[in-house]
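Working notes, beginning with the structure itself.
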Amino acid sequence: MATTDKKLPFDLVTSGIGSLAKHSKKYAGYVKQDRAITDGLVPFLKKAKSDKESYQGYKAVVQSLFESEFLNTSDRDFNVEQMFNYIYGVKCVSALPSLLTLHKWLMDNDYTDHFGIEEPSRLYKHQDVMKCFDCNKTFPAEQTTCSTCKTPVGKKVFNTSGDNYFSAYEFDYALSEIDRDVMNISSKNLGGKIDDEDRPHAKTRVVIAENQSPMWAFVIVESPYTGKPDTLFIVRLKCNYNDPCRLQALLDMAEQNTLENNYKWSTCNDTSRYGIIAAVNIENLECKMVLQPKHIESALFNVYSGHTCIEEKGEE
């Protein structure tokens, strides 16, 4: 067994080709080759990580990647792209158990409404007049609410601290035309013996994490064929507090199963204020969009912090 298996709960070397390796000598040989590389590299990478055996180990690792010609200095390097895809694929899939636990806890505790009901914003007294926090307009002393601004009330969100809020949603998986065609063909091949009731009852689960500035959505889509988590989307809904709220649009796409391959929601550069920042093939441990690594890290931090908070509440 490869050395990394001791640390990771899954094996990246066999991801996507596990079944082939079990039934094909050729692919079993490929796995053996890559396991040997893993076992050879791990001891040296541990030295690069050690403060006692390395000063700036990350520089040594980068230099070795170039000197070995594993990476090149050209404008586009296939190995760089693939490394980022799988580095963040592993990071995102590693967060999946915490994310699913967080989703279940939020649903069980009825933290399921990030909208609430909009009511006129309440005013506060300033000298002899009333003022609105949102628009800063002044009103007569006898007025108690703003005539233009609205404030949501009655939200069902979990407040972990300060301006940090979580909520969860859940939908039945919406079958696409391709899904239906595949299922019809498989039913015919099996003599039409598979009814819809016999198939996995797949779900699409959504966790919303809102900070004072950014707002994130985590969309976990189950496979209609296996009922297991198949795809994870990480979506930035807001960049700053005053950005337009796109939560309803995101929930509509999650419910209708139209988030994948949605060009308008693809984040093409670092200036995009909203969009998909990660689309993860869970089985293959591959993140298909790694354009903004720092935002993926920031989003995953919310998952772990939210999970830690519910664990602490369980210990109270």
Side-chain angles (χ1 to χ4, degrees), residues 92 95-124 132-135 145-146 148-173 203-222 229 232-256 259 265 267 273-278 295-316:
C92 290
L96 190 59
S98 295
L99 185 58
L100 288 170
T101 300
L102 179 59
H103 178 272
K104 184 179 186 304
W105 187 89
L106 292 168
M107 293 291 295
D108 289 347
N109 289 274
D110 200 29
Y111 293 116
T112 56
D113 183 2
H114 219 93
F115 295 100
I117 301 172
E118 286 195 338
E119 293 184 351
S121 298
R122 297 193 65 81
L123 307 178
Y124 69 97
C132 176
F133 277 108
D134 297 320
C135 66
T145 59
C146 182
T148 56
C149 298
K150 301 286 186 180
T151 300
V153 296
K155 289 184 177 184
K156 296 179 181 179
V157 292
F158 175 48
N159 179 213
T160 55
S161 63
D163 291 321
N164 300 315
Y165 302 95
F166 289 83
S167 66
Y169 296 82
E170 185 171 294
F171 308 102
D172 289 335
Y173 178 89
K203 297 281 188 179
T204 296
R205 295 178 167 87
V206 182
V207 172
I208 305 300
E210 181 180 15
N211 307 128
Q212 186 171 11
S213 294
M215 185 176 185
W216 310 99
F218 304 86
V219 183
I220 308 154
V221 183
E222 293 181 346
L232 168 64
F233 296 100
I234 302 178
V235 185
R236 183 166 65 176
L237 297 176
K238 282 186 179 183
C239 181
N240 291 323
Y241 179 77
N242 292 323
D243 284 351
C245 181
R246 297 179 173 86
L247 176 56
Q248 187 59 62
L250 180 280
L251 293 176
D252 290 343
M253 288 188 291
E255 184 175 13
Q256 298 162 12
L259 189 56
W265 281 68
T267 306
R273 304 185 73 81
Y274 75 98
I276 302 168
I277 62 168
H295 294 316
I296 297 177
E297 298 279 1
S298 179
L300 293 178
F301 174 79
N302 281 272
V303 173
Y304 290 119
S305 64
H307 184 261
T308 298
C309 287
I310 65 172
E311 282 189 326
E312 290 174 350
K313 285 190 72 68
E315 295 172 358
E316 292 178 356

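Basis for what follows: all heavy atoms, side chains included, without hydrogens, waters or symmetry-related copies.
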> Okay, side chain of Asn240, backbone of Asp243: is any donor-acceptor separation there less than 3.5 Å?
Replying inline: no
Which distance, rounded to the nearest 0.5 Å, do you find between the [atom1] of [X] and the [atom2] of [Y]?
| X | Y | atom1 | atom2 | value |
| --- | --- | --- | --- | --- |
| Glu222 | Asp172 | CD | CG | 10.0 Å |
| Leu96 | Thr101 | CG | OG1 | 9.0 Å |
| Ile220 | Phe233 | CD1 | CZ | 11.5 Å |
| Cys146 | Glu119 | SG | CD | 13.5 Å |
| Thr148 | Lys150 | OG1 | NZ | 9.0 Å |
| Asn159 | Ser167 | CG | OG | 12.0 Å |

On a heavy-atom basis, which atom in [X] and which in [Y] lie closest, and how many Å separate them?
| X | Y | answer |
| --- | --- | --- |
| Val303 | Ala95 | CG1-O, 4.0 Å |
| Met253 | Leu259 | CE-CD1, 3.7 Å |
| Val157 | His114 | CG1-ND1, 3.4 Å |

Do [X] and [Y] have side-chain heavy atoms sitting under 4.5 Å apart?
| X | Y | result |
| --- | --- | --- |
| Cys149 | Cys135 | yes |
| Lys313 | Trp105 | yes |
| Ile310 | Asn109 | no |
| Ile276 | Ile234 | no |
| Thr204 | Tyr169 | no |
| Leu300 | Cys92 | yes |
| Phe115 | Leu251 | yes |
| Leu100 | Leu102 | no |

> How would you list all residue pairs meeting side-chain hydrogen bond (donor to acceptor under 3.5 Å, both in side chains) that involve residues 301-310, not counting sequence neighbours?
Replying inline: Asn211-Asn302
>> Applying side chain to side chain contact (heavy atoms under 4.5 Å, CB included), can you list everything that pairs with Pro152, at least two apart in sequence or on another chain?
In response: Lys155
>> My understanding is that only residues two or more places apart in sequence, or in another chain, count here; which of them pass side chain to side chain contact (heavy atoms under 4.5 Å, CB included) with Ser161?
In response: Asn164
> Which of these, Pro214, Cys239, Pro244, sits in a side chain to side chain contact (heavy atoms under 4.5 Å, CB included) with Arg273?
Replying inline: Cys239
> Do Phe133 and Tyr124 make the cut of ring centroids closer than 6.0 angstrom?
Replying inline: yes
>> For Trp265 and Tyr274, take the angle between the two ring planes, folded into 0 to 90°, and tell me which bin it lands in: parallel under 30, tilted 30 to 60, perpendicular over 60.
In response: perpendicular
> Going through the checks in order, is the side chain to side chain contact (heavy atoms under 4.5 Å, CB included) test met by Phe166 and Ile208?
Replying inline: CA-CA 5 Å; Phe166 289 83; Ile208 305 300; over 6 Å; no
>> Listing request: all salt bridge (Lys or Arg N to Asp or Glu O under 4.0 Å) pairs with a residue in residues 206-218, at least two apart in sequence or in separate chains.
In response: none
>> Considering only residues two or more places apart or on different chains, which pairs with a residue in residues 156-171 satisfy salt bridge (Lys or Arg N to Asp or Glu O under 4.0 Å)?
In response: Asp110-Lys156, Glu170-Lys203, Glu170-Arg205
> Residues two or more places apart in sequence or in another chain: which of them pass salt bridge (Lys or Arg N to Asp or Glu O under 4.0 Å) with Asp252?
Replying inline: none
>> Before you tell me yes or no, could you show the steps for Leu106 and Phe158 under side chain to side chain contact (heavy atoms under 4.5 Å, CB included), namely the whole-Å CA-CA distance, both residues' side-chain angles and the distance that decides it to 0.1 Å?
In response: CA-CA 8 Å; Leu106 292 168; Phe158 175 48; 3.7 Å; yes
>> Does Arg236 form a side chain to side chain contact (heavy atoms under 4.5 Å, CB included) with His295? I'd like the steps, not just the answer.
In response: CA-CA 8 Å; Arg236 183 166 65 176; His295 294 316; 3.2 Å; yes
